[in-house]
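Below is one structure, written out as structure tokens; the observations come after it.
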Amino acid sequence: MCKLFISADPALWDSSTRSLRINDMVTSVRLENYFWHVLTEIARRDEMNVPQLVTKLYHEALDNGHDINNFTSFLRVCAMRYLRLQLAGEIPRRTDIPIRTLDAGAILKRERNTLHHS
């Protein structure tokens, strides 16, 4: 089992830092390259680049009253949830289908029901 993980390309877990401008403030975010790859896919689906996606996530998290002191962890969880929801069939694997067109409320409701019955 472990060979599947330890024999992967080490570049996937190498970290890289990107400078982003959020609310006219420059901030740096350091993530493993695999997370950047997933965030890039998410952004492309909705015709954004990664800085636009990260800024949108930041603002929407604040608008929903979330404490995002550890924003880097929030981005990792977003990437992992995207992959999990794809595996569950909630987000189509076809990347030409924008995420903004999906019924987020219905997906979240099904996800909650699944998590509570696990």
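The first residue in the sequence is number 1, and the count goes up from there.
Heavy atoms only, all atoms of each residue included: Pro98 and Thr101 are closest at O-OG1, 2.7 Å. In plain terms, the two heavy atoms of Ala61 and Ile68 that are nearest each other are CB-CG2, 3.8 Å.
Rounded to the nearest 0.5 angstrom, Leu57 CG and Cys78 SG are separated by 5.0 Å. To the nearest 0.5 Å, the span separating CZ on Arg84 from CD1 on Ile91 amounts to 11.0 Å. A distance of 4.0 Å separates CG in Asn23 from NE2 in His59, rounded to the nearest 0.5 Å.
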Apply side chain to side chain contact (heavy atoms under 4.5 Å, CB included) to Asn33 and Leu12, showing your working.
CA-CA 5 Å; Asn33 292 329; Leu12 294 174; 5.8 Å; no
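Tracing side-chain contacts under 4.5 Å through hydrophobic residues (I, L, V, M, F, W, Y), one never reaches Val50 starting from Val77; they form parts of separate clusters. Both Leu83 and Val54 belong to a common hydrophobic cluster when Ile, Leu, Val, Met, Phe, Trp and Tyr are linked at side-chain heavy-atom distances under 4.5 angstrom. Hydrophobic cluster membership differs between Leu108 and Met80, with clusters built from Ile, Leu, Val, Met, Phe, Trp and Tyr side chains linked at under 4.5 angstrom.
At a threshold of 4.5 Å between non-hydrogen side-chain atoms, the residues Val29 and Leu75 count as touching. Taking 4.5 Å as the limit, some side-chain heavy atom of Arg100 sits within range of a side-chain heavy atom of Asp46. Using a 4.5 Å cut-off on side-chain heavy atoms (C-beta onward), Asp14 and Glu32 make no contact. Side-chain contact between Leu39 and Leu31 is present, with at least one heavy-atom pair separated by less than 4.5 Å. When side chains are defined from C-beta on, Leu20 does not count as touching Thr55, because their heavy atoms never get closer than 4.5 Å. For the pair Leu102/Pro92, a side-chain contact is recorded, criterion being any heavy-atom separation below 4.5 Å from C-beta on. The shortest side-chain heavy-atom distance between Phe74 and His66 does not fall under the 4.5 Å cut-off.
Take Asp9 and apply the side chain to side chain donor-acceptor pair (under 3.5 Å) test, not counting sequence neighbours, and it matches no residue. Listed by chain and residue number, Glu60 satisfy the salt bridge (Lys or Arg N to Asp or Glu O under 4.0 Å) test with Lys56 (two or more places apart in sequence, or in another chain). Partners of Tyr58 by ring pair (Phe, Tyr, Trp, His ring centres under 6.0 Å), not counting sequence neighbours, listed by chain and number: Phe71. Arg81 pairs by the salt bridge (Lys or Arg N to Asp or Glu O under 4.0 Å) definition with Glu111, not counting sequence neighbours. Applying the salt bridge (Lys or Arg N to Asp or Glu O under 4.0 Å) criterion to Arg45, with sequence neighbours excluded, gives no partner residue. Remark: Glu47 pairs with no residue by the side chain to side chain donor-acceptor pair (under 3.5 Å) rule, at least two apart or across chains. Residues passing the side chain to side chain donor-acceptor pair (under 3.5 Å) test with Arg110, sequence neighbours excluded: Glu90. Residues passing the side-chain contact (heavy atoms from CB on, under 4.5 Å) test with Asn70, sequence neighbours excluded: Thr72, Ser73. Applying the salt bridge (Lys or Arg N to Asp or Glu O under 4.0 Å) criterion to Asp96, with sequence neighbours excluded, gives Arg94. Take Asp63 and apply the side chain to side chain donor-acceptor pair (under 3.5 Å) test, not counting sequence neighbours, and it matches no residue.
In this structure, the side chain of Ser7 does not engage the main chain of Leu4 through any donor-acceptor pair within 3.5 Å. Within the 3.5 Å criterion, the main-chain N or O of Val38 finds no donor-acceptor partner in the side chain of Glu41.
Residues in residues 14-47 take part in no ring pair (Phe, Tyr, Trp, His ring centres under 6.0 Å) pair, two or more places apart or across chains. Residues in residues 8-27 take part in no ring pair (Phe, Tyr, Trp, His ring centres under 6.0 Å) pair, two or more places apart or across chains.
Within a 6.0 Å radius of CZ in Arg44, other residues, nucleotides and ligands contribute 12 heavy atoms or fewer.
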